[in-house]
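In what follows, a structure is listed as structure tokens, so that the remarks can point back to it.
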There are 2 protein chains.
Amino acid sequence: MTKKPTKTALPSATRAGAKDPIPARSEEAPASNRATRAAERRAAIVEAAMDEFIARGFAATRLDDIAKRAGVAKGTIYLHFKDKESMFEELVRIVIVPVVARLTTLPPPTGTVRELIETFASNFLKEVIGTRRGDLVRLIVAEGPRFPSVADFYYREVVSRGIAAMRALIELGIARGEIREKDLARYPQILVAPAMIAVIWQSLFARHAPLDAQDMLRVHLDLIFGERRTT
Amino acid sequence: MTKKPTKTALPSATRAGAKDPIPARSEEAPASNRATRAAERRAAIVEAAMDEFIARGFAATRLDDIAKRAGVAKGTIYLHFKDKESMFEELVRIVIVPVVARLTTLPPPTGTVRELIETFASNFLKEVIGTRRGDLVRLIVAEGPRFPSVADFYYREVVSRGIAAMRALIELGIARGEIREKDLARYPQILVAPAMIAVIWQSLFARHAPLDAQDMLRVHLDLIFGERRTT
DNA sequence: GGAATATGACTGACTGGTCAGTCATGGTCA
DNA sequence: TGACCATGACTGACCAGTCAGTCATATTCC
């Protein structure tokens with residue numbers, strides 16, 4: 001349909017993450033190339049839409065607000081997205097894919113399993129907890145039931161892969177004797193549960209009772225791996 | 001609507017002749033008393049509103065739909081609630097308070113700490129996971145940021161109490177030597193995290209990959225208490 | 001008891017405002 | 001110049017909240 005961006009084949013790698021916070025407002029960099037400008041606008045729209053959807057949820061978000069924040073006219077949004085709904089769905093994909101790409105590019109498996117998981121947890125802390133990506137997770141939990149395609153996508157691309165990766169690590173840990181609880185491999189959810197709780201906690205309750213997510217995850221790993229290592 | 005021939009003034013003699021309850025509404029009980037009827041309607045509105053809010057979220061829920069589902073006119077809702085927003089806030093209170101009341105009525109502290117926690121987990125499984133109350137938790141996660149008063153209430157009434165109760169149990173477990181990881185008392189969140197994940201999982205992913213919450217919680221307790229007990 | 005009257009719960013058509021999506025017009029780049 | 005973009009005023013659907021009117025029930029009075 002109005003799906004056009006793919007054909008112009010511009011490296012969407014340009015953005016999707018959280019690069020320039022500057023809206024295309026002041027055209028300091030005219031970006032003479034037309035396709036480039038279009039890409040910038042698209043990126044600005046994605047950026048603005050993320051913020052608005054996270055702040056208000058799908059239904060309460062106004063396209064006028066997204067347009068204003070992105071520094072474009074409302075009609076421009078419809079040059080890039082079919083409608084509000086497909087915009088939301090596409091948005092989730094655009095933002096999540098690079099994150100998955102980065103997180104699944106695991107570091108070379110050196111050291112103990114605990115070290116591997118600690119590295120992973122550390123990345124997760126930096127990249128997700130307390131960031132806008134964490135809010136995105138909350139948004140998916142919130143809107144998932146009304147957007148089955150989003151929930152499906154999220155399950156397929158993030159959850160199932162994450163679970164599989166964690167299971168592999170757990171099994172390695174069991175094989176190496178680092179982890180005693182063999183049944184843990186059946187429920188990798190247990191391994192990631194505190195991290196997810198931390199994400200949600202930061203969104204909802206940080207104001208009431210700040211949570212030291214890093215310390216909590218350390219304690220959780222102590223629980224799984226047994227005796228504390230001196231950090 | 002069940003209501004139809006208002007205009008054609010059917011003779012009230014019909015009514016006078018028979019004392020029988022007017023079957024105007026569906027299979028409703030007569031509810032002779034006025035105050036009782038009002039209470040019933042209020043309850044019906046709360047019930048309907050819960051379903052609608054859970055299914056659609058706050059912003060996307062139409063009061064017309066709530067009214068239709070509750071079998072009342074829209075105006076009636078405004079006899080019981082100030083507006084949509086305060087209705088939502090009150091709703092959360094109405095539904096949560098009795099749950100908290102029940103769950104905090106702890107059973108007599110007999111047996112091991114593990115048994116206490118297992119009882120608690122078992123109740124939680126029955127009463128929350130996979131039920132509408134579980135969906136309510138998801139709803140609060142979803143709408144919390146936009147309803148600080150709801151998030152505050154939920155933190156005060158549910159989260160802080162729950163955390164405190166869990167901490168007490170953990171400390172008891174440590175004192176009795178059932179729990180080795182002493183730092184766990186600093187993060188009772190770790191104890192409840194898998195239960196919360198189970199709630200969310202059932203809402204979002206049960207379709208893709210059903211989760212045996214009970215078994216998962218058992219494994220988690222094995223992790224915390226050490227060796228398996230024969231169940 | 002029961003007729004007459006008062007009450008207020010309930011109704012639903014209506015209003016005013018909001019917002020997704022459109023499109024005629026005007027600007028820009030190749 | 002002409003193809004392509006971008007714009008933002010506009011439209012129509014939709015919906016929260018209102019209120020004048022209805023009528024079942026309660027109260028009063030004989």
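Here is how names work: the chains are called A, B, and so on, in the same order as the sequence lines, proteins then strands, and each is numbered from 1.
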Just the atom pairs and distances: protein N or O near nucleotides 9-16 of chain D's N or O, under 3.5 Å.
residue	atom	partner	partner atom	Å
D/dC15	OP1	B/Arg62	NH1	2.7
D/dA16	OP1	B/Thr61	O	3.0
D/dA16	OP2	B/Leu63	N	3.0
D/dA16	N7	B/Lys74	NZ	3.0

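- Taking atom CD1 of A/Ile45 as the reference point, atom P of D/dC5 lies 14 Å away to the nearest angstrom.
- The residues B/Asp135 and B/Arg138 are annotated as salt-bridged, a charged nitrogen and a carboxylate oxygen being separated by less than 4.0 angstrom.
- The backbone N or O of B/Glu89 lies less than 3.5 Å from a partner atom in the side chain of B/Arg93, making a donor-acceptor pair.
- Going from atom CD of A/Glu52 over to atom C1' of C/dA20 covers 15 Å, rounded to whole Å.
- Atom CZ in B/Arg37 sits roughly 13 Å away from atom C1' in C/dG8 (whole-Å rounding).
- Nucleotide D/dA6 holds its P atom 11 Å from the CD atom of A/Glu40, rounded to whole Å.
- Checking side-chain atoms of B/Arg132 against main-chain N and O of B/Asp51 turns up no donor-acceptor pair under 3.5 Å.
- Side chain to side chain, A/Ser86 and A/Asp83 meet the donor-acceptor criterion of an N or O pair below 3.5 Å.
- Protein atom CG of A/Leu79 is 12 Å distant from nucleotide atom P of C/dT22, rounded to whole Å.
- One finds a salt bridge joining B/Glu143 and B/Arg146 here, because a Lys/Arg side-chain nitrogen approaches an Asp/Glu carboxylate oxygen to under 4.0 Å.
- Between B/Ile77 atom CD1 and D/dT18 atom C1' there is a gap of 14 Å when expressed in whole angstrom units.
- Residue A/Lys68 contributes atom NZ, which lies 13 Å from atom C1' of C/dC19 at whole-angstrom precision.
- Not one N or O on the side chain of A/Ser122 forms a donor-acceptor pair closer than 3.5 Å with the backbone of A/Glu118.
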